[in-house]
Amino acid sequence: MDRRTFVTRAAAMAAFAAVGGVRLAAQQEVGVRVPGAKLERLAGGFEFTEGPTSDRNGNVYFTDQPNDRIMRWSVDGVLSTFLQPAGRANGMYFDAKGNLLACADERTELWSIAPDGSHTVLANRYEGKPLNGPNDVWERPDGGIYFTDPFYARRWWSYKERPQDSEQVYWLSADRRTLKRVTTDLVQPNGIIGTPDGRTLFVSDIRAGRTYAYDVQADGSLTNRRLRCELGSDGMTLDADGSLYLTGKGVTVFDREGRRADQIDVPEPWTANVSFGGRDHRTLFITASKGLYAIRLRVAGANPAK
């Protein structure tokens, strides 16, 4: 997501100080939250945070994209830099082998980053042309990868027109030999997440203001598109009850029937992305503008990395 596009779309909310650090009251104590849970600001001073994902131990990695770095928030509450420079990484997702999949839009690439920080380019072109700018990514159980490819002009690019003829979703096969476009009619896809059984994919068309569900086929194709909710989203995640967590103006939660179940307000101009993490995978980590936030939930995340 381009922070400049959306920074004026959500008003900043007030924060107040509490003993032990800055803690922020959520408006309600219902829905997905543990009763009495408060939103906590874990760290700040970033330029724009994005792309949270959890490793198998519950440590959360996220990006500070304008500063070209990937950060790590440990289960012990220690903040460190994992990788810098980082290809202007945006959305990320840990794969089953422990590599970090990253939408590295400095050169409009999809990366696989090894634990030692070295990377392999998995995709960067479609039908001979550069990708627009991979934005968010999810790996299904068999190793196939889905990623969104919207176009947000970046200050580090030397061009201002999108390379591709549209902004769609792509699938990369598990053997990394086949890359194909699997949607044709989206306006500007952004957030993406799938169910842990690999059968359903959720895609947010942020410019259209809608989020869709698709049936996932073995060959990567998507069928049976249906509307999940009438709200677009930057990043997304899914909990074990089947509720979707959409971002933008705070975090809006929709249950499996598409009904609005909760609203978690965040005192930042824009909330970019979310991921479950922590030792029991019941803490929701939120990347929002200049800060990293967290809140305890009564339900765990559906996917181990998100």
Side-chain angles (χ1 to χ4, degrees), residues 20-24 26 32-44 46 49-64 69-83 86 89-103 112-117 136-141 143 145 191-198 235-245 247 251 253 262 264 266 271-288 291-306:
V22 179
R23 292 181 182 273
L24 308 157
V32 297
R33 285 164 279 184
V34 169
K38 300 293 191 296
L39 184 71
E40 181 178 1
R41 186 172 185 254
L42 301 177
F46 307 104
T49 56
E50 248 286 9
T53 182
S54 174
D55 68 16
R56 64 191 63 181
N57 296 317
N59 304 300
V60 172
Y61 291 66
F62 64 98
T63 73
D64 184 9
R69 57 182 177 168
I70 296 173
M71 310 301 295
R72 180 181 184 269
W73 180 266
S74 76
V75 292
D76 298 318
V78 177
L79 178 69
S80 60
T81 300
F82 167 67
L83 186 65
N90 194 342
M92 302 191 299
Y93 193 89
F94 271 101
D95 70 16
K97 297 179 181 179
N99 298 309
L100 187 58
L101 301 175
C103 296
S112 174
I113 304 174
D116 65 2
D136 207 2
V137 58
W138 174 73
E139 183 190 61
R140 70 187 200 183
I145 296 172
I192 193 168
I193 194 69
T195 55
D197 61 8
M236 291 195 300
T237 194
L238 181 72
D239 72 21
D241 287 344
S243 295
L244 275 178
Y245 294 64
T247 60
V251 180
V253 185
D262 208 342
I264 302 170
V266 182
T271 298
N273 214 325
V274 282
S275 177
F276 285 86
R279 289 188 174 92
D280 62 0
H281 213 50
R282 289 177 182 265
T283 298
L284 185 70
F285 290 82
I286 304 167
T287 53
L292 175 68
Y293 295 78
I295 189 169
R296 289 288 292 168
L297 301 187
R298 60 174 178 77
V299 60
N303 291 282
K306 190 70 171 177

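Atom set for the values below is all heavy atoms of this structure, side chains included, hydrogens, waters and symmetry mates excluded. Numbering starts at 1 and runs along the sequence shown.
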Peer 1: Is it the case that the side chain of E40 and the backbone of I295 share a donor-acceptor pair, with hydrogens and angles ignored and the cut-off at 3.5 Å?
Peer 2: no

Peer 1: I'd like to check D239 versus L297 (side-chain heavy atoms, cut-off strictly below 4.5 Å). Are they in contact?
Peer 2: no

Peer 1: Just how far is it from atom OG of S54 to atom CZ of F276, taken to the nearest 0.5 Å?
Peer 2: 11.0 Å

Peer 1: Can a donor-acceptor pair be found, under 3.5 Å and without considering hydrogens, that links the side chain of T53 to the backbone of A305?
Peer 2: yes

Peer 1: Only one of L101, T63, N273 clears side chain to side chain contact (heavy atoms under 4.5 Å, CB included) with M92; which?
Peer 2: T63

Peer 1: Any salt bridge linking R279 with D76? Criterion: basic side-chain nitrogen under 4.0 Å from a carboxylate oxygen.
Peer 2: yes

Peer 1: Identify the two heavy atoms, one from G117 and one from L83, that lie closest to each other, and give their separation to 0.1 Å.
Peer 2: O-CD1, 3.7 Å

Peer 1: Say whether D241 and S243, considering side chains only, have a donor N or O and an acceptor N or O under 3.5 Å apart.
Peer 2: no

Peer 1: Between L292 and T287, is any pair of side-chain heavy atoms under 4.5 Å apart?
Peer 2: yes

Peer 1: Between the side chain of T49 and the main-chain N/O of D64, is any donor-acceptor distance below 3.5 Å?
Peer 2: no

Peer 1: Please find the pair of heavy atoms, one from S275 and one from P52, that lie closest to each other, and give the distance.
Peer 2: CB-O, 3.4 Å

Peer 1: Atom CD1 in I264, atom OG1 in T271: separation rounded to 0.5 Å?
Peer 2: 10.0 Å

Peer 1: Rounded to the nearest 0.5 Å, what separation is found between the CG atom of D55 and the CG atom of N99?
Peer 2: 12.0 Å

Peer 1: Checking N303 side chain against K306 main chain: does a donor-acceptor pair fall under 3.5 Å?
Peer 2: no

Peer 1: Taking C-beta and beyond as the side chain, do L284 and Y245 meet within less than 4.5 Å on heavy atoms?
Peer 2: yes

Peer 1: Are the side chain of T237 and the backbone of V274 linked by a donor-acceptor contact shorter than 3.5 Å?
Peer 2: no

Peer 1: Quick check: do V60 and R72 have side-chain heavy atoms less than 4.5 Å from each other?
Peer 2: no

Peer 1: Closer than 3.5 angstrom, by distance alone: can the side chain of T247 be matched with the main-chain N or O of V251 as a donor-acceptor pair?
Peer 2: no

Peer 1: Closest heavy-atom contact between L79 and A43?
Peer 2: CD2-CB, 4.0 Å

Peer 1: Report the C-alpha separation of V137 and I145 in whole Å, then their side-chain angles, then the decisive distance to 0.1 Å, and conclude whether the side-chain contact (heavy atoms from CB on, under 4.5 Å) test is met.
Peer 2: CA-CA 7 Å; V137 58; I145 296 172; 3.4 Å; yes

Peer 1: Looking only at heavy atoms, which two atoms of G194 and L238 are closest? And how far apart?
Peer 2: O-CD2, 3.8 Å

Peer 1: Tell me, do M71 and F46 make a side-chain contact under 4.5 Å, heavy atoms counted?
Peer 2: yes

Peer 1: If you measure from CE on M236 to CD1 on I193, what distance do you get to the nearest 0.5 Å?
Peer 2: 7.0 Å

Peer 1: Can any side-chain N or O of N59 pair as donor or acceptor with the backbone N or O of V75 at less than 3.5 Å?
Peer 2: yes

Peer 1: Do the side chains of F285 and W73 get nearer than 4.5 Å, heavy atoms only?
Peer 2: yes

Peer 1: Does D262 reach the main-chain N or O of V32 with its side chain, forming a donor-acceptor pair under 3.5 Å?
Peer 2: yes

Peer 1: How many angstroms lie between CG in L100 and OG in S112, if you round to the nearest 0.5 Å?
Peer 2: 8.0 Å

Peer 1: Calculate, to the nearest 0.5 Å, the distance between atoms CD and NZ belonging to E139 and K97 respectively.
Peer 2: 8.5 Å

Peer 1: Should the ring pair Y93 and W138 be called parallel, tilted or perpendicular, given that the plane angle runs from 0 to 90° and is split at 30 and 60?
Peer 2: perpendicular

Peer 1: Could you tell me whether D280 and R296 make a salt bridge, using a distance below 4.0 angstrom between a side-chain N and a carboxylate O?
Peer 2: yes

Peer 1: How close do A37 and R33 get, counting heavy atoms only, and between which atoms?
Peer 2: CB-CB, 4.4 Å

